[in-house]
Amino acid sequence: MTTETDKSGGCQCGALRYRAGSELGYPHLCHCRMCQKAAGNYFMPLAAAKRQDFELTRGAPKWFQSSDLVRRGFCGECGTPLFYDIPGTDFINLTLGSLDEPDAVKPVAQSNTGQKMSWFHALDDLPLEPEPETPNRENAIAASNHQHPDHDTKIWPLGETS
C-alpha cells in the first residue's frame with residue numbers, strides 16, 4: 001500500500017527500483033566536486049530517506065566507496081546514480097532525478113557552493129531553443145525508447161516472462 005509520502009524511483013533501464021515510505025528530508029543541490037563527478041553533471045540533487053522506511057523493490061545496486069565515509073550506489077546495468085550513503089546512519093540519500101516524480105520534491109537549499117559553477121547566475125540569460133515544428137526526431141526517439149517508465153512494473157523489460 002502506498003501513501004502520499006511514499007516516493008518510488010529507479011534507474012533508467014529498470015533493473016533497480018526503490019521505495020521510500022516516508023517524507024524525504026533536506027532536499028538540496030550539492031555542488032561538491034565528488035557529487036559533480038558521481039552525477040556527471042554540475043551538481044547532484046539529493047534528499048534523505050529514513051533507512052527504516054527505505055526498501056529496494058527490484059535489483060541491487062553496485063557501490064563505489066567515494067571516500068572513507070561515503071559510498072555511492074548506482075545501477076550496474078545502466079550506470080544511473082541513485083544513492084549517497086553513509087553506512088551506519090539512520091538515512092540514505094536518494095538522487096532526486098531518479099524519483100518517478102522528481103518535480104514533487106523541491107530543493108530547499110544548496111550545499112558546497114564554493115565549488116558551484118561560476119556562471120550559474122547567467123543560465124536564465126541563455127537563449128532558449130525553439131520547440132521543433134515537426135517533432136520527427138522526438139517521435140523517433142519515443143518510438144525506440146528503452147527507458148523504464150516512471151512507475152513500478154511487475155515485469156521489465158516488458159514482454160519478458162520472469
>> Could you report the tightest heavy-atom contact between Ser111 and His28, atom names first, then the distance?
In response: OG-CD2, 3.4 Å

> Considering all heavy atoms of both residues, which atom of Asp100 and which atom of Gly10 are nearest to each other, and what is their separation?
Replying inline: OD1-N, 4.4 Å

>> Determine whether the aromatic ring centres of residues Phe91 and Tyr26 are separated by less than 6.0 angstrom.
In response: no

> Which value, rounded to the nearest 0.5 Å, describes the distance between Trp63 atom CH2 and Arg71 atom CZ?
Replying inline: 4.0 Å

> Can you tell me if Gln36 uses its side chain to pair, donor with acceptor, with the backbone of Gln115 under 3.5 Å?
Replying inline: yes

>> For a quick test of reading the model, state the closest non-hydrogen atom pair linking Phe43 to His31 and the distance between them.
In response: CB-ND1, 3.6 Å

> Looking at Cys35 and Leu46, what are the two nearest heavy atoms and their distance?
Replying inline: SG-CD1, 4.2 Å

> Is the shortest heavy-atom distance from the side chain of Pro81 to the side chain of Met44 under 4.5 Å?
Replying inline: yes

>> Using a 6.0 Å cut-off, check whether atom CD of Gln110 has over 12 heavy atoms from anything other than its own residue.
In response: yes

> Would you say the side-chain atoms of Arg17 pair up with the backbone N or O of Ser8, donor to acceptor, closer than 3.5 Å?
Replying inline: no

> Do Ile92 and Tyr18 have side chains that get closer than 4.5 Å, going by heavy atoms?
Replying inline: no

>> What I want to find out is whether Arg58 reaches Asp152 closely enough, with some N-O distance under 4.0 Å, to be called a salt bridge.
In response: no

> Would you find more than 12 non-hydrogen atoms of other residues, nucleotides or ligands less than 6.0 Å from Glu55 atom CD?
Replying inline: yes

>> Please report the interatomic distance NZ(Lys50) to CD(Glu23), rounded to the nearest 0.5 Å.
In response: 9.5 Å

> For the atom pair CZ (Phe74) and OG1 (Thr95), what is the distance rounded to the nearest 0.5 Å?
Replying inline: 13.0 Å

>> Let me confirm one number: the CD-NE2 distance from Glu101 to His151, rounded to the nearest 0.5 Å.
In response: 11.0 Å

> Should Thr80 and Leu16 be marked as a side chain to side chain contact (heavy atoms under 4.5 Å, CB included) after you check the CA-CA gap, both sets of side-chain angles, and the distance that decides it?
Replying inline: CA-CA 9 Å; Thr80 302; Leu16 201 148; over 6 Å; no

> Measuring from Cys78:SG to Gln12:CD, what's the distance to the nearest 0.5 Å?
Replying inline: 5.5 Å

> Between Tyr84 and Leu56, is there a shared hydrophobic cluster once you connect ILVMFWY residues whose side-chain heavy atoms come closer than 4.5 Å?
Replying inline: no

> If you take all heavy atoms of Cys75 and Leu82, which pair is closest and at what distance?
Replying inline: N-CD1, 4.0 Å

>> For a quick test of reading the model, state the closest non-hydrogen atom pair linking Phe54 to Phe83 and the distance between them.
In response: CZ-CE2, 3.6 Å

>> I'd like to know whether Lys116 forms a side chain to side chain contact (heavy atoms under 4.5 Å, CB included) with Leu29, so could you lay out the CA-CA distance, the side-chain angles of the two residues, the decisive distance to 0.1 Å, and finally the verdict.
In response: CA-CA 10 Å; Lys116 184 177 180 179; Leu29 306 178; over 6 Å; no

> Atom CG of Leu94 and atom CG of Asp85: how far apart are they, to the nearest 0.5 Å?
Replying inline: 10.0 Å

